[in-house]
2 protein chains.
Amino acid sequence: MPTDAPSPTRVRASDELREVALQQFATVGFAASSLQHIADHAGYSKSSVLYHYASKEALLEAAIGPAIDRLETLLREFVDGGRGQAARAVFIERFVDFLLGNRLAVHTFVNQGQSLRGLPVIERANTAIRGLADSICDEHATIAEQMRFGVALAGATYTLVAGATFLDDDDARPIADDDVRDALITVLSELLLTADGLPD
Amino acid sequence: MPTDAPSPTRVRASDELREVALQQFATVGFAASSLQHIADHAGYSKSSVLYHYASKEALLEAAIGPAIDRLETLLREFVDGGRGQAARAVFIERFVDFLLGNRLAVHTFVNQGQSLRGLPVIERANTAIRGLADSICDEHATIAEQMRFGVALAGATYTLVAGATFLDDDDARPIADDDVRDALITVLSELLLTADGLPD
DNA sequence: GCAGAAGCTGACCGATCGGTCAATTACCGT
DNA sequence: ACGGTAATTGACCGATCGGTCAGCTTCTGC
């Protein structure tokens with residue numbers, strides 16, 4: 001049998017380790033996530049982790065890098081597409097989908113973007129976030145206008161991201177992702193599309 | 001000379017250490033803030049830190065406890081005062097003032113409330129935040145309604161809190177606190193006072 | 001002046017950290 | 001069956017962690 005069509009029960013060790021690591025980074029933090037804990041939780045030894053990933057930092061890069069790539073793409077598309085209402089509406093939808101599809105990674109680099117400064121992958125994330133803030137709040141904008149964008153994007157991000165903190169442990173109340181998506185798009189649209197000071 | 005009226009240049013060592021520790025906890029995270037670093041940064045020895053505070057955890061408690069007290073009071077007042085528009089307006093103002101007056105502490109227990117679970121002082125903070133979310137979003141509320149509150153409070157919190165992450169390092173752009181306060185109150189009022197589904 | 005408390009420190013402890021390395025095992029094409 | 005590569009592991013390293021302790025200095029009440 002050729003090399004492809006891997007057995008469905010047999011997942012690649014590196015993928016398994018990356019996912020366990022992402023879970024750990026998001027829930028207990030990068031600094032508090034020891035390679036030993038990650039290895040134990042995944043059923044491997046610490047040495048195996050360092051065989052698949054050259055360092056703890058490389059593991060972080062593998063875990064959250066793709067999400068940062070997606071965010072950069074999202075930002076580039078938005079910058080190229082202008083800032084009209086239609087472009088904003090498209091961006092809002094894509095941004096919410098991005099958040100819903102990358103909760104753990106976003107949780108990690110949003111909540112720890114400050115404390116992990118200096119790590120290249122984190123700098124990349126912070127640069128993307130800063131670029132988002134800058135591009136969305138063009139040069140001339142009232143403080144209230146800036147604050148509206150800040151509250152909207154940070155609020156959307158943190159509402160999803162902090163759901164893990166304050167809703168996960170207690171009784172399961174699994175609101176369907178689709179409902180969350182719709183509600184979030186509604187609220188963001190209210191904030192960002194009906195603003196008074198829109199550039200016509 | 002009696003014990004009071006301490007020399008103005010001579011600040012109490014315990015206060016100095018607590019403030020340096022809070023700064024560290026907020027900027028590099030609790031796990032990554034070693035007692036050694038805190039001591040060095042404050043100009044004392046690690047042993048001195050442990051003389052004034054029984055443990056690293058006690059130091060965290062001293063650093064963020066008062067802010068949590070204030071948040072609990074705020075929450076209690078809001079619960080007792082009803083949920084009408086007037087009460088909400090008062091709460092919004094007090095909440096923004098609370099955020100502005102406790103940025104570092106809020107930054108610490110909001111961003112690390114997940115990773116530091118298990119520490120009593122953090123549990124207290126998480127309980128308060130959960131209580132805030134519950135009390136503000138009463139039993140019957142649409143998902144969009146809940147999301148509006150979530151985005152508003154989380155957005156306001158994170159906008160101030162993350163300002164440290166993304167605005168501190170680059171060129172100083174010190175918007176006056178008063179302006180931020182006004183803008184934030186405006187945006188929160190838009191979100192929380194004009195909502196369609198208000199309980200009349 | 002002196003006893004004693006308060007403040008402060010260096011030496012030290014066991015545990016754990018991220019990371020290296022040599023050895024072992026599992027797998028695969030030939 | 002065999003040789004080579006990939007995967008996995010335990011032993012080990014220096015550094016640092018939070019915390020303890022005995023001892024040193026400084027201040028204060030009498």
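Per chain, numbering begins at 1; letters A, B, ... match sequence-line order. Predicted model only: the values in this text are computed from it and were never measured. All values below come from the heavy atoms of this structure, side chains included, with hydrogens, waters and symmetry mates left out.
If you take CD of A/Gln36 and P of D/dT16, they are 20 Å apart, rounded to a whole angstrom. Rounded to whole Å, atom C1' of C/dA26 lies 17 Å from atom CZ of A/Arg12. Distance CD (A/Glu16) to C1' (D/dT8): 14 Å, rounded to an integer number of Å. Across the protein-nucleic acid pair, A/Asp15 atom CG and D/dA7 atom P stand 12 Å apart, rounded to whole Å. The nearest whole Å value for the distance from the OH atom in B/Tyr53 to the P atom in C/dG7 is 12 Å. Protein atom CG of A/Leu59 is 12 Å distant from nucleotide atom C1' of C/dG18, rounded to whole Å. Per the geometry, NZ belonging to A/Lys56 stands 17 Å off C1' belonging to C/dT20, to the nearest Å.
Nucleic acid contact for B/Leu50: base, since at least one base atom lies under 4.0 Å from a heavy atom of the residue. Residue contacts shown for A/Ser14 are absent, as no nucleic acid heavy atom lies under 4.0 Å away.
For the OP1/OP2 pair of D/dT16 and a distance below 4.0 Å, the side-chain nitrogens and oxygens of B/His37 include no atom meeting the criterion. Residue A/Ser34 has a polar side-chain atom (N or O) positioned under 4.0 Å from OP1 or OP2 of C/dC17. Applying the 4.0 Å criterion to OP1 and OP2 of C/dC8, one finds that B/His52 has a side-chain N or O inside that range.
In this structure, the side chains of A/Arg124 and A/Glu61 come closer than 4.5 Å at one or more pairs of heavy atoms. Counting heavy atoms from C-beta on, the side chains of A/Ile92 and A/Leu184 never come closer than 4.5 Å.
Closest non-hydrogen pair, A/Ala67 versus A/Phe109, comes out as CB-CE2, 4.3 Å. A pairwise comparison of heavy atoms in B/Phe95 and B/Leu74 identifies CA-CD2, 3.8 Å as the closest pair. Residues B/Ala87 and B/Gly81 come closest through the heavy atom pair CB-O, 3.5 Å.
Of the listed nucleotides (D/dG19, C/dG18, C/dC17), D/dG19 has the atom at the smallest distance from the side chain of B/Leu35.
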List the protein contact pattern of nucleotides 9-14 of chain C with one symbol per nucleotide (5' to 3'): B for base contact, S for sugar-phosphate-only contact, - for none; contact means a heavy-atom distance under 4.0 Å.
BBB---

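Looking at A/Asp178 and A/Arg181, no side-chain N of the basic residue comes within less than 4.0 Å of a carboxylate O on the acidic one, giving no salt bridge. Looking at B/Asp15 and B/Arg18, a side-chain N of the basic residue comes within less than 4.0 Å of a carboxylate O on the acidic one, giving a salt bridge.
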